Amino acid sequence: MDILVLNCGSSSLKFAVIDTGEGEVLLSGLAERLAGPEALVSWRRGDAEKERRAIAGGDHAAAMKVVVEVLREHGLQDELRGVGHRVVHGGERFKASVVIDESVVAEIEKCVPLAPLHNPANLVGIRAGRAMLGELTEVAVFDTAFHQAMPKHAYLYPVPYELYSEHGVRRYGFHGTSHRFVARRAAKILGKPLEETALITAHLGNGCSAAAVLGGRSIDTTMGLTPLEGLVMGTRSGDVDPALHGFLKDQLGWDVERTTKVLNKESGLLGISGKSNDMRTLEEAAAAGDERAVLAIEVFCYRLAKAIGALAVPLGRIDALVFTGGIGENSAPIRAKVLGHLGVLGFALDPERNDGLARGSQGPVTQDGSSTALVVPTNEEWMIALDTAELVEATS
Ligand code: ADP
């Protein structure tokens with residue numbers, strides 16, 4: 001079934017037509033710099049050359065109009081059966097993907113305080129989609145939904161209970177679509193029903209999070225109320241002492257906004273290295289003897305390994321540790337370093353497997369007889385398309 005997948009940011013709109021059978025991308029594109037003088041839609045049909053259309057000053061609605069035109073020109077519009085929207089925050093209301101109607105839109109709006117940058121942009125995409133493709137079933141797929149299976153003792157912060165019950169202050173977790181996709185693939189590779197697996201999934205891209213997935217359900221994860229908690233990321237600090245805001249206010253006069261910005265945009269790999277948020281660049285710099293790049297990589301891997309150790313506790317056993325995301329899929333040195341810290345959990349690296357894995361392929365990187373670590377390329381668009389197709393079928 002052909003599904004249009006939309007991922008709307010504040011000034012961008014990513015789109016792809018996916019054939020859910022094998023996840024083939026029939027056409028994909030990006031509308032960027034929306035509402036500015038350089039607004040532009042670009043797309044690629046299969047392996048063909050990239051094409052572009054300027055829409056100076058065009059907003060999300062104008063971009064959607066071009067997307068529909070492009071789909072029509074390529075003969076794809078008539079084949080479409082549904083539209084899947086990535087939505088960042090579904091709060092406690094959404095535990096799975098849903099068909100969008102007015103009440104769903106209202107509930108997504110209620111979640112805006114939890115994701116003030118992302119949910120409004122997602123809603124703009126939903127409205128633009130409904131205006132242009134209203135006759136198709138539209139589905140919302142939430143980054144948070146997969147982690148709604150977490151038990152209360154995993155998602156509550158030890159702060160006054162009313163902050164949770166009256167203001168929704170709790171751990172939600174993110175990257176759920178990716179964790180869910182790779183958990184399903186990992187079960188296939190292991191040759192076990194998903195319901196019988198105990199997995200730790202590590203999504204390592206610009207943002208990074210890990211999850212404990214038992215029987216196909218997330219029972220704990222490293223991200224929290226916001227995507228700042230947990231692992232070291234490209235520009236995000238992950239866990240720091242919660243007293244840091246007060247300390248920096250007293251010592252440097254920084255207000256809350258400044259510290260929050262520094263923790264989100266100037267920390268993580270970039271903050272420690274002072275050079276880059278990009279792991280590839282840091283690996284090159286480290287190889288050339290840059291000590292701060294070496295340090296950034298060490299802190300990244302050490303903290304990730306510690307978090308994996310912590311996630312083993314709720315799982316009780318580990319059938320596989322799964323590496324995914326740009327870093328997890330492509331960086332053999334990072335996988336080697338992380339596994340080097342995890343001998344206590346029975347992991348033993350197989351350097352040949354680890355170094356020999358071709359880009360985009362999946363498979364084990366540990367020795368037979370040791371605990372298993374796998375590389376599984378993620379594919380959030382395909383997961384969104386699969387959820388959408390399932391709901392289209394259920395409602396038709
Ligand atoms: P996003 O979270 O934005 O989707 P990606 O999943 O594409 O990002 O991950 C981006 C990260 O993956 C960057 O830090 C990039 O340097 C890293 N990366 C991609 N390829 C490699 C590689 N071959 N070696 C090391 N890091 C890589």
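Reckoned from all heavy atoms, side chains included, excluding hydrogens, waters and symmetry mates. Counting convention: from 1, in listed order, for ligands and their atoms alike. None of the values given here were measured: they were computed from a predicted structure.
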Hey, what polar pairs (N/O, under 3.5 Å) does ligand 1 make with protein?
unit_1, atom_1, unit_2, atom_2, d
ligand 1, 2 (O), Asn206, N, 2.9
ligand 1, 3 (O), Asn206, ND2, 2.8
ligand 1, 6 (O), Gly326, N, 2.9
ligand 1, 8 (O), Asn206, N, 3.4
ligand 1, 8 (O), Asn206, ND2, 3.4
ligand 1, 12 (O), Ile327, N, 3.3
ligand 1, 14 (O), Met279, N, 3.0
ligand 1, 16 (O), Asp278, OD1, 2.6
ligand 1, 16 (O), Asp278, OD2, 3.2
ligand 1, 16 (O), Met279, N, 3.1
ligand 1, 16 (O), Arg280, N, 3.0
ligand 1, 20 (N), Asn330, ND2, 3.4

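Of the possible donor and acceptor atoms, one in the side chain of Thr235 sits under 3.5 Å from a partner among the backbone N and O of Asn264. The backbone N or O of Phe174 sits less than 3.5 Å from a side-chain atom of His147, completing a donor-acceptor pair.
Remark: the Asp101 side chain and the Ser103 side chain contain an N/O donor-acceptor pair separated by less than 3.5 Å. For the 3.5 Å distance criterion, the side chains of Glu32 and Ser12 fail to qualify, holding no donor opposite an acceptor. Between the side chains of Thr378 and Ser178, at least one donor N or O lies within less than 3.5 Å of an accepting N or O.
Partners of Thr259 under the side chain to side chain contact (heavy atoms under 4.5 Å, CB included) rule, at least two apart in sequence or in another chain, are His245, Leu248, Trp254, Leu263.
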